[in-house]
Each structure stands twice: as structure tokens, then as C-alpha cells.
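Because the structure is predicted, anything quoted here is derived from the model rather than measured.
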Amino acid sequence: MKKRGGEMLLDDDKGTILAIDFGGTKVIAALFNLQGKLLAKEKIIIAHQEGDKIVAETLKMCRNLFFSQNCLISGIGISTIGVVDGDYLRLVPTIKDWNQVNLREAFSLQYPNVPIYIENDVKAAAYGEVLNGALKNTKNGLYLNLGTGIAVGLTHGEEVMRGSHGAAGEIGYLLNSVEHNTSYKRGHAPFEEIAGGQGISQQIAKKTNVKMEAKAFWNKSFSEESELFQLKERILNLLSFQLSNLCILWDPEVVAIGGGMEAQFAYFADRLEPALHDNVPFPPKLVPAYYEQNASLNGIAQLLFKKV
């Protein structure tokens, strides 16, 4: 990379943006030119790693990307799990010590004087869908992320609702029943523990002593007498219940489903569409996310293109 007085030099021919998506189990980094063309992309698996190691491995991956393309940098966009609170993150139970990591500082040390934008992964995905995807031109929309965790992005026009603390859409903390005493204060994310990918794997292990990822669980058929069939029914019923209530509250025109479970969209739609038509006065259209399982990465890239 060329520098002048410590400052990165930019030009239209070699200028690029770096988009990074920190998920619950993997990190993806991609380089785009200033016309929006994807130049290169890499991925690392981060399951069971601690925050500092994840950042170090990601910075190394980014260095390799830039050297492979011999390009200059115009801006960095970072999409990450958790609620963005200044330079730090909150509500991030899936990565150890992630709330102690200062992403802006870490990337600024490697890329001084380069603008850095940080956004929650689901909100970034919702921006991507509303700017150039399945929620484009909607008055109100809803992006449902089904992945390691579970959350929504609530859109109005081209804006994504943040809430007073940046936590709007953190539906993993929704209560599943008035009878249960699981709550945020007691260290729980009640809905996510049932319907999130990590929670599903934990429930399977508890019931059967078998290690199975959520994707495999949704792709596999079980006999009606099996515990895992009953688990599927419980999750689908709860997901239908919670999504119906969200649509009654927000009144979206379109619900777009993304995240790691987007590949099973047809399966989910078979259960969710009838529930929405039964329960919601003005049922929304249910569609797969335009950016499929890469909505957060493409969303932070879309945001960055608006800013650089």
C-alpha cells in the first residue's frame, strides 16, 4: 500500500473497500472496487476461539487479501454480532471476551487514517436488503436472521431502527412464556436458546448425546415418535408465534429471511406463511433474502459505498 506522510493514497483505479463480517462461527472478509465489483473474498472459522485471537487472525487474513490484489484502501466496513456501543460491543454471549475487544482501535493500528464503520451484523444485513435487495422500496420491512443467533432488522424507508441503546431487534431476548423464569437478568436469551443455531445444537446434545449442527438438523427427517421431531415442532411453533407478534407490531410489507438457515427457506416458509395469514391482520409477503446467507457482508459493503 502506498503512503504519504502516514496517510493512505486513494485512486479510482486501485481504490477498494474492505467489508468484514464477524459471525458466531466464522469471519468473512471481501474486497470490492469502487464500482462495486467483488475482487476477492476469504473466510476463517472461529468457533470456540477467544476475541483477541479472532481479531489477530482476521487482520492477518485482511493483509493477505490486500497483498494478493495489490490495491489501495478507501474505507473499511465491519459487521459484527452484538450491540454496537461506541467502540465496544454488548450482548455477545457466543464469542468469549468479544465485549472487551476494541475493533476500531485494532483496525486503525493496521490501517491508519482509513475511515472505519462498524455496525451490528443483522442491522447491516437489513441495510443491504433495503438498499438493494428484498426490502427495497418497502415502507416498512422486516429482516429475520436465522443463524447462530436470532434477531431482526426493522426497516422504515431506507432506515433501520436502532432503538435507544442500539438494541432494537434483539429478539433473542423475547420471552417464550409467562410461566418461565428464564430472563436476561438471569443470564438467558430465552427465544435464542430455543430457536438460534447454537441453542438448537445444545438442545440436541442434551436430548440425545449426539453432536449435530442446526443445518443438519433442519435438513434431516425424523420419525414422529422421536424427540428430535418434537423439538422441530416446538421450534417451528415458537418461531411462528414470535414472528406473528412481530408482524402485528411492525406491520411490514415484506419479511425477508436470511442468515445461515436461509438455505432452508422453503421449509420454514411452509410453516410460517400459513401462521402469518392466520394471525396477522395484514400479512406480509415472505421471501428469501436477496443476499441469501451473505446479507451482513453485502449490507456493510452497501453502507460503505454510500459513505466513501
Side-chain angles (χ1 to χ4, degrees), residues 1-3 6-10 14-32 38-125 145 147-149 166 196-198 201 213 259-260 293-301 303-304 307-308:
M1 298 177 198
K2 298 179 182 178
K3 294 184 180 180
E7 183 177 356
M8 295 287 180
L9 300 178
L10 310 178
K14 292 189 176 182
T16 61
I17 67 164
L18 172 63
I20 305 163
D21 176 35
F22 289 93
T25 58
K26 63 182 181 295
V27 182
I28 303 175
L31 278 176
F32 298 84
L38 176 65
L39 301 176
K41 183 166 69 171
E42 287 195 21
K43 177 177 73 173
I44 57 174
I45 302 300
I46 60 167
H48 312 301
Q49 294 185 24
E50 296 184 5
D52 286 342
K53 183 177 180 182
I54 292 169
V55 173
E57 290 296 317
T58 301
L59 289 169
K60 179 181 178 182
M61 174 173 62
C62 293
R63 287 195 298 271
N64 292 339
L65 273 177
F66 279 113
F67 288 133
S68 70
Q69 296 297 313
N70 188 31
C71 56
L72 307 172
I73 183 168
S74 302
I76 298 172
I78 298 173
S79 157
T80 174
I81 61 173
V83 172
V84 178
D85 184 12
D87 291 340
Y88 289 89
L89 300 153
R90 300 174 66 186
L91 304 182
V92 280
T94 53
I95 297 180
K96 186 178 180 181
D97 297 333
W98 200 236
N99 60 338
Q100 299 176 32
V101 170
N102 187 327
L103 288 173
R104 189 180 306 280
E105 180 180 68
F107 278 84
S108 293
L109 288 172
Q110 183 159 301
Y111 304 104
N113 302 311
V114 173
I116 298 171
Y117 303 94
I118 303 174
E119 184 55 277
N120 164 266
D121 58 345
V122 176
K123 289 181 175 62
N145 184 80
T148 304
Q198 186 176 75
S201 295
E213 297 298 321
Q293 298 166 57
N294 293 308
S296 297
L297 182 73
N298 285 282
I300 197 66
L303 273 177
L304 205 52
K307 295 176 181 291
V308 298

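- Within the structure, side chain to side chain donor-acceptor pair (under 3.5 Å) contacts touching residues 80-90 (residues at least two apart or in different chains) are T80-W98, D87-R104.
- Contacts of N64 classified as side-chain contact (heavy atoms from CB on, under 4.5 Å), with partners at least two apart in sequence or in another chain: E42, K60.
- In this view, L91 and V83, Y173, Y184 satisfy the side-chain contact (heavy atoms from CB on, under 4.5 Å) rule, not counting sequence neighbours.
- Atom CD of E213 sits about 8.5 Å away from atom OG1 of T148, to the nearest 0.5 Å.
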Which is it for I17 and I73 under the side-chain contact (heavy atoms from CB on, under 4.5 Å) test, yes or no, and what are the steps along the way?
-> CA-CA 6 Å; I17 67 164; I73 183 168; over 6 Å; no
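- A donor-acceptor pair under 3.5 Å is formed between the side chain of N120 and the backbone N or O of G82.
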Show your reasoning for whether side-chain contact (heavy atoms from CB on, under 4.5 Å) applies to K41 and F32.
-> CA-CA 9 Å; K41 183 166 69 171; F32 298 84; over 6 Å; no
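- By the side-chain contact (heavy atoms from CB on, under 4.5 Å) test, D97 is found to be paired with E50, Q100, residues two or more places apart in sequence or in another chain being considered.
- In this structure, CG in L39 is found 10.0 Å from CZ in F66, a value given to the nearest 0.5 Å.
- Annotation: salt bridge (charged side-chain N to carboxylate O under 4.0 Å, His left out) contacts involving residues 111-125, sequence neighbours excluded, comprise E119-R162.
- Looking only at side-chain heavy atoms (C-beta outward), L103 and V55 come within less than 4.5 Å of each other.
- Residues Y117 and L303 have side chains not in contact (no heavy-atom distance under 4.5 Å, counting atoms from C-beta outward).
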Just do the side-chain contact (heavy atoms from CB on, under 4.5 Å) check on I46 and T58 with the steps written out, would you?
-> CA-CA 10 Å; I46 60 167; T58 301; 5.6 Å; no
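- Distance CE/M61 to NZ/K43: 10.5 Å, rounded to 0.5 Å.
- Partners of S68 by side-chain contact (heavy atoms from CB on, under 4.5 Å), not counting sequence neighbours: none found.
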Using residues 19-31 as the side-chain source, report each donor-acceptor pair under 3.5 Å to any protein atom, sequence neighbours left out, with the distance given to one decimal.
from, atom 1, to, atom 2, distance (Å)
D21, OD1, S79, OG, 3.0

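- Here the CG-OG1 distance, from L38 to T16, works out to 11.5 Å after rounding to the nearest 0.5 Å.
- Contact check for I78 versus I300: no side-chain heavy atoms found under the 4.5 Å cut-off.
- Side-chain N or O atoms of Q110 include one that pairs as donor or acceptor with a backbone N or O of L59 at under 3.5 Å.
- The shortest heavy-atom contact between I116 and S108 is CD1-OG, 3.4 Å.
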